Number of protein chains: 2
Amino acid sequence: MSSRRPTISDVARTAGVSPSTASVVFSGKAAVAETTRQRVLDAAASLGYTGPDPRAASLRRGRSGIVGVVFEEHLGAAFRDPVKTLMMDGLADGVAPLGAGLLLLRDHSPGGTEPTLMTAPLDAAVLIGCSGMLRESLAVVTARGIPVVVIEGDAGEGIPRIALDNREAQRQAASHLRAHGHADVAVVALPVRAGWERGWIAHDEPIEIDVTRERLAGARDVFPHARIFSAAGSFIDEGLAAGRALFADPSARPTAVIAQSDLLAAGVIRAAEEAGLRVPDDVSVTGFDGVVVDGLAPYELTTLVQPAVDKGRAAGHAVAAMLGGDPAVSIRFTCDFREGNTTGPVTARAAEQPMSVPR
Amino acid sequence: MSSRRPTISDVARTAGVSPSTASVVFSGKAAVAETTRQRVLDAAASLGYTGPDPRAASLRRGRSGIVGVVFEEHLGAAFRDPVKTLMMDGLADGVAPLGAGLLLLRDHSPGGTEPTLMTAPLDAAVLIGCSGMLRESLAVVTARGIPVVVIEGDAGEGIPRIALDNREAQRQAASHLRAHGHADVAVVALPVRAGWERGWIAHDEPIEIDVTRERLAGARDVFPHARIFSAAGSFIDEGLAAGRALFADPSARPTAVIAQSDLLAAGVIRAAEEAGLRVPDDVSVTGFDGVVVDGLAPYELTTLVQPAVDKGRAAGHAVAAMLGGDPAVSIRFTCDFREGNTTGPVTARAAEQPMSVPR
DNA sequence: TTGTAAGCGTTATCAT
DNA sequence: ATGATAACGCTTACAA
């Protein structure tokens, strides 16, 4: 009907009050006489005014109520990872007090039209991992005074991080295996770098991804010579493929496998079953993350439970604090070792097999 | 150093040009002499200006470059569903030409501070499902002229929908089973309503969730008397539990199971194995969705492949079209029947078993 | 190719 | 409790 959408001024005029009064009616930031209030509301209703335009409000306020979440990967891939999903949950919680929503951002925008760290109206940003490409945009964002927090990654300089005791935690699992008498242990690792194809890796292979490197270091603290098969991602099928590689040669089977994620561990277990091995009697398997692996029952993984939700929540709190003017703080979370039924002592049958030769 | 962040006017002044020229340098919307351009860029660099403030730009332009995605559930739960994940992928694609990003929004805001359909600076909104609670906010949003599209749900009135031929598709799978001689078929259904606990349902049970009801109707078109076990969600473990219920009584085992999702089907298969039944020799199983079920190999589900990515993309296109002033269009997608290795003819051994009695 | 000018719709501040 | 005023920072006709 009307040529343009009504504004708060229109409402004010109709109600016979000033724009500031009308504004206050909608924001509730100050007391308004009930009769006035009602008059404004009626005017709004009659004009079809549905409340302040968030765009204008955010300009004036200097806040958009939006927190950007930046992923390194394709969005679809990111959400297949249960740990990331849990983190998102925590993050949503953590920024809730801020009244903020989460804007999904991809690291690299091929088309160029997508919103980026630089073009989106963000109040703050949370990076999940931090590859090289991102560093550049990061400089821009911090220059603009937008708080940034990095989860599982290093953005250098004074950017607060939400970290995990990956190495120490993984060492715990390894020690657990050693205490059970395991000596011939293999590692099924997360990817070595972006775009990695699955395969065995040499002992001096440079590992670009922080999480992979740290967890591997923990395993090597206990088993320096463990063979390492690096998967192409944290998926059950990748673990299955890795497990097949591990168990292919009956004369060189490890008695235990340290998987760097629960999904990989689940795949390894499946490969073991396929090879006629029983878990944990013939081979012990440890995971990492402590997520619920759909369909893994009746197994209960021996794993490191990481506080994924808390990590997300902490990131949310961190940006909230920074927005409030408080100094940025890095936090390091700790994993809990949880013994399930996928690890056990080396048995006669397992030990009977010829030891595999490292390398 | 400076008391406030530099604006484009500051840059213009420093460069000795007008604000509009500086603006154009950053937006690239018009030709600028190279020397002028460089002068502006230098000025920006010297002032530490990192580009136009997106908030101001969005007010002026009337576009924020943000599309809201509204979920009924907890974010974490939503992303555990591979179909939703795929849809998000398609959606991200679909809104890309718009240059828009996706803002995650939850249906229900317990705290009350969360951004909502009404308070977020959205150009458009996509609802995944549409529960009652949402209807109200919807009115507000549409009143404001913000385009809205609903995927898998009914928002009433003239709100465009992205739908699926659930009933017809499910009927195809059922017919396939009948053609193979199956007569004693059970259905493992998606939840009957929000908050549903798994269990058998009576034939007159009212089913509140559209998808569940439609797919069930398709199955009943062929097998009116099929017993129905409704799971609490689309998860492998739910399918496993359902399968156990189905196979518990050896004297009342169905020769085929119609699962309303691939994840449920995967669980049913696992339950079958657990019960010592071979798939498809002893029991045939069909799924729905056509997603890759991590860890299901070597089975390949007989299923209905739904174009999940396309659905998302279509939703993106739809809002893009609406933003362009074109009329809203509802789209109905079609599933493809795909025969895998989880269905087959009724065998002597399966038929040998006593038929189960419906009800 | 560059400049001028007029908002975009709201809210914070300060008076009254 | 209400109102007047002045930004918030930018973009885009239109004019030069």
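A, B, ... follow the sequence lines: proteins, then strands. Residue 1 opens every chain. Quick caveat, the model's predicted, so the values are computed rather than measured.
- A donor-acceptor contact shorter than 3.5 Å is absent between the side chain of A:Ser23 and the backbone of A:Pro19.
- Judged as a ring pair (Phe, Tyr, Trp, His ring centres under 6.0 Å), not a single pair has a partner in residues 143-162 of chain B (not counting sequence neighbours).
- Side-chain atoms of A:Thr21 and A:Ser18 include a donor-acceptor pair closer than 3.5 Å.
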Practice prompt. Would you mind building the protein contact string for nucleotides 1-9 of chain C? One character per nucleotide, 5' to 3', B for base within reach (heavy atoms under 4.0 Å), S for sugar-phosphate only, - for untouched.
Written response: SSBB-BBBB
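- No donor-acceptor pair closer than 3.5 Å links the side chain of B:Thr14 to the backbone N or O of B:Ala43.
- Evaluation of the salt bridge (charged side-chain N to carboxylate O under 4.0 Å, His left out) rule for B:Asp53 yields B:Arg55 as partners, not counting sequence neighbours.
- Residue B:Lys29 contributes atom NZ, which lies 10 Å from atom P of D:dA13 at whole-angstrom precision.
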Worksheet item: Can you check side-chain contact (heavy atoms from CB on, under 4.5 Å) on A:Ile162 and A:Val150, steps first, answer last?
Response: CA-CA 6 Å; A:Ile162 307 296; A:Val150 176; over 6 Å; no
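- When all heavy atoms of A:Gly16 and A:Arg39 are compared, the closest pair comes out as O-NH1, 4.1 Å.
- To the nearest angstrom, P of D:dT12 lies 15 Å from CZ of B:Phe26.
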For residues 322-332 of chain B, tabulate all N or O donor-acceptor pairs below 3.5 Å that involve a side-chain atom, not counting sequence neighbours.
from	atom 1	to	atom 2	distance (Å)
B:Ser330	OG	B:Arg161	N	2.9
B:Arg332	NH2	B:Glu168	OE1	3.1
B:Arg332	NH2	B:Glu168	OE2	3.4

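- Pairs passing the ring pair (Phe, Tyr, Trp, His ring centres under 6.0 Å) check and including a residue from residues 40-61 of chain A, sequence neighbours excluded, read A:Phe26-A:Tyr49.
- Atom-to-atom, CD of A:Gln38 to C1' of D:dA1 comes out at 17 Å; the value is rounded to the nearest Å.
- Remark: B:Asp42 engages no residue in a salt bridge (charged side-chain N to carboxylate O under 4.0 Å, His left out) (not counting sequence neighbours).
- Partners of B:Lys311 under the salt bridge (charged side-chain N to carboxylate O under 4.0 Å, His left out) rule, at least two apart in sequence or in another chain, are B:Glu152.
- With sequence neighbours left out, A:Glu208 forms a side chain to side chain contact (heavy atoms under 4.5 Å, CB included) with A:Arg193.
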Protein-nucleic acid N or O pairs under 3.5 Å, nucleotides 14-16 of chain D:
none

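- Partners of B:Arg313 under the salt bridge (charged side-chain N to carboxylate O under 4.0 Å, His left out) rule, at least two apart in sequence or in another chain, are B:Asp93, B:Asp310.
- Comparing the helix axis at one end of the helix from C:dT1-D:dA16 to C:dT16-D:dA1 with that at the other, each defined from 5 consecutive pairs, gives an inter-axis angle of 20° (nearest 10°).
- Across residues 40-47 of chain B, not one residue has a non-hydrogen atom less than 4.0 Å from an atom of DNA chain D.
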